[in-house]
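What follows is a set of notes on a single structure, which appears directly below.
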2 protein chains.
Amino acid sequence: MAVDMNERRQLILKLVIQEFIETSTPVASELLLRKYGLAVSSATIRNEMAALEDLGYLTHWHTSAGRVPTDAGYRYYVENLMDRTPLSATEQRTIRHQFYQVRSELDQWIQLAGAVLARTAQNASVVTPPRAYQARFKHLELIAIHEATVLLVLVLHDGTIRQQSFTLESARPQEDLSRSAARLNERCHDAPIGKIEEMLQQERTVTPAQLDELDLVVLDLITKAMHQLEDQVNGQIYSDGLLEMLNQPEFAQVARVRQVLEMLQSGKGLGPLIPRVLANNGVQVIIGGEHSRDEMREYSVVLSRYGVADEVVGILGVIGPTRMAYPRTISTVRYISTVMSDMLGDIYGGESSRA
Amino acid sequence: MAVDMNERRQLILKLVIQEFIETSTPVASELLLRKYGLAVSSATIRNEMAALEDLGYLTHWHTSAGRVPTDAGYRYYVENLMDRTPLSATEQRTIRHQFYQVRSELDQWIQLAGAVLARTAQNASVVTPPRAYQARFKHLELIAIHEATVLLVLVLHDGTIRQQSFTLESARPQEDLSRSAARLNERCHDAPIGKIEEMLQQERTVTPAQLDELDLVVLDLITKAMHQLEDQVNGQIYSDGLLEMLNQPEFAQVARVRQVLEMLQSGKGLGPLIPRVLANNGVQVIIGGEHSRDEMREYSVVLSRYGVADEVVGILGVIGPTRMAYPRTISTVRYISTVMSDMLGDIYGGESSRA
DNA sequence: CGCTAGCACTCGGATAGTGCGAGTGCTAAG
DNA sequence: CTTAGCACTCGCACTATCCGAGTGCTAGCG
């Protein structure tokens with residue numbers, strides 16, 4: 001058997017895949033002929049399809065059904081066949097405009113990115129907030145709430161905010177708290193955890209104490225909080241567009257719905273991909289169970305890193321059934337990641353992570 | 001026809017409902033007899049069931065099917081029939097312990113409440129963060145991020161935090177920002193929006209200016225932000241336990257799933273109930289389309305207010321199909337709302353909202 | 001040697017008929 | 001008022017059947 005690629009085969013594979021992506025029904029030889037007016041007969045197309053099947057790019061579910069792409073088929077399509085047209089200028093403008101409108105509210109960026117991704121890709125989107133590789137102290141605030149209860153607001157260098165309450169041995173006036181905060185803000189300026197722990201250590205051993213009891217309590221809380229935050233790096237994955245995804249015909253039976261919900265909620269199946277995406281530049285496409293096993297076998301993921309290199313980075317992307325409009329999805333993910341990177345660049349003033 | 005309630009009828013209604021809640025299958029007369037050993041024959045039970053049907057408490061879907069409760073039936077059950085045993089001491093302890101462990105991280109309370117509710121009620125939970133009726137300024141922080149870009153962290157009296165970035169005409173050193181923040185913190189202490197707007201107004205007209213340009217810019221941002229936050233009072237509804245709910249047999253077809261997802265996402269159907277819940281003390285049970293129309297016809301909601309009266313309040317509860325384990329759900333909602341109220345009481349120092 | 005017309009063959013899915021079992025509603029008697 | 005008995009009603013599962021969509025193969029053609 002001549003298991004080689006040639007132009008005609010490529011064309012047929014491309015058409016089969018595009019047709020399947022569009023209609024979600026197995027593609028018959030006759031249909032390709034009618035719809036695209038190929039210059040050969042359906043029998044020839046069938047022969048080519050059989051060859052493509054030998055190559056591992058197509059299958060069919062039963063004898064009398066049309067062809068369906070395999071994961072390898074999709075992979076070949078994404079790598080060699082598909083059109084790589086970026087989003088239209090109009091779409092780009094629309095998206096950029098939406099982001100412009102929420103430019104001052106950082107927490108809305110994520111939400112917006114998720115919504116836009118989901119809507120244009122008609123699938124679920126996943127977005128992690130921009131985070132620094134290493135937690136670095138930026139600012140701290142102590143606010144007297146009630147009696148000895150104090151609210152601690154901790155702002156990290158990457159914009160992460162954490163609020164936490166704690167109770168002192170005895171009540172302290174707001175001035176004390178403010179003074180303590182000011183002292184610590186100065187001493188911890190831009191410090192990573194290590195530095196702060198060091199300081200704490202030193203302070204406890206050296207006798208002429210420069211910090212008072214309150215300061216120490218707070219420092220202790222801070223290091224704990226920073227550790228926690230660092231442990232859950234990208235731990236939280238926001239997702240949106242469940243509804244859009246459910247409109248895809250593959251979710252006709254509830255079992256699939258449950259499956260995908262579990263996946264999104266647990267972040268399992270997605271988690272293992274994160275380091276890979278963080279390490280690489282550009283859009284990553286994972287088709288079916290290419291990297292993780294079972295859980296993801298029927299799903300594809302299109303992910304990209306975004307952010308400012310060496311400052312803050314996050315991940316955004318789309319998840320959906322392997323039958324996914326790859327060209328459009330990839331363009332969208334790419335574009336939104338550049339927009340987000342640009343906006344972060346404006347704030348952090350570095351080069352954005354994606355060229 | 002003697003359409004009256006009597007003890008036997010009540011018992012039968014109760015058993016039918018409990019049985020249906022448990023098995024989700026129509027309840028037959030014979031079954032009640034066998035399972036609960038009633039002292040009458042199945043024919044009598046049938047007669048009683050027919051009477052209960054006349055009263056509007058039961059229906060059946062077709063002639064040869066067992067009985068199923070109507071919304072009115074559930075209502076009667078909740079009001080008069082069901083056992084009102086609180087959660088067991090063990091369960092209470094477990095829950096309280098879980099909350100104790102996250103006592104210092106306010107943002108985790110909501111998440112925990114949602115998770116516990118969902119898990120014990122085996123349905124979706126909804127929780128809104130505790131919010132004040134009226135936005136009141138608590139604290140503000142200005143942090144230089146990069147060049148002229150400044151991060152504004154605004155803390156309201158109810159613990160709401162908002163971060164927002166803005167750009168100045170020209171860069172200012174952190175000291176300027178800190179001084180400005182200190183000034184404003186002092187002047188705006190505990191002020192509601194109105195006060196701040198007044199101040200802003202006055203400052204602009206009176207000639208011997210006490211505040212500088214930076215202060216005014218920030219004040220302006222603050223009022224805008226506070227307005228926005230106030231407009232979306234309880235706008236955000238966290239929900240959890242979708243998966244638990246999907247395990248309920250009523251979600252065997254995907255249409256239902258989509259329906260409920262839309263409802264949760266849009267907050268439609270839930271929104272109209274909020275004022276009602278905020279206005280009343282205690283657990284509110286809304287069965288089927290009792291208050292809103294169509295969208296909610298097949299769902300019930302068990303909600304309660306929580307918080308500290310006149311300080312901060314929020315809502316938490318459970319949403320699920322009308323066939324819901326009301327006694328357990330109600331107890332859980334009630335208990336968690338008291339726990340949350342107690343915890344908030346510890347912070348805000350008032351009487352908790354629920355007796 | 002590649003292409004194609006023709007045809008047998010294979011399945012899936014829709015449709016209809018059937019029987020069964022679960023429950024009810026009614027009636028008539030205790 | 002209760003209940004035994006029974007006719008009646010449906011939903012559901014099962015089977016048989018048919019139809020159409022597609023394929024794979026073969027033989028013949030250029």
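This is a predicted model, so every value here is computed, not measured. Chain identifiers are assigned alphabetically (A, B, ...) following the order of the sequence lines, protein sequences preceding nucleic acid strands; residue numbering begins at 1 within each chain.
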For [N], does either OP1 or OP2 sit under 4.0 Å from a side-chain N or O belonging to [X]?
| X | N | value |
| --- | --- | --- |
| T44(B) | dT3(D) | yes |
| T63(B) | dT9(D) | no |
| H60(B) | dG25(C) | yes |
| S64(B) | dA22(C) | no |

Between the protein and nucleotides 25-30 of chain D, which nitrogen or oxygen pairs are less than 3.5 angstrom apart?
none

**Report entry** Whole angstrom value for the distance that separates P of dT2(D) from CG of L33(B)
**Finding:** 14 Å

Decide, yes or no, whether a salt bridge links [X] with [Y] under the criterion of side-chain N to carboxylate O below 4.0 Å.
| X | Y | result |
| --- | --- | --- |
| R67(A) | E53(A) | yes |
| E244(B) | R119(B) | no |
| D83(A) | K14(A) | yes |

Among the candidates [options], find the nucleotide nearest to the side-chain atoms of [X].
| X | options | result |
| --- | --- | --- |
| R67(A) | dG24(D), dA22(C), dT3(D) | dG24(D) |
| S29(A) | dG12(C), dT23(D), dT24(C) | dT23(D) |
| R8(B) | dT2(D), dT9(D), dT10(C) | dT2(D) |
| S41(B) | dT23(D), dC10(D), dT3(D) | dT3(D) |

Using only heavy-atom distances, determine whether the side chains of [X] and [Y] contain a donor-acceptor pair under 3.5 Å.
| X | Y | result |
| --- | --- | --- |
| R323(A) | Q248(A) | yes |
| E91(A) | Y335(A) | no |
| Y326(B) | S300(B) | yes |

Query raised in the report: For A39(B) and G66(A), take the nucleotide of DNA chain D holding the closest heavy atom to each; which residue's nucleotide lies nearer the 5' end?
Result: A39(B)

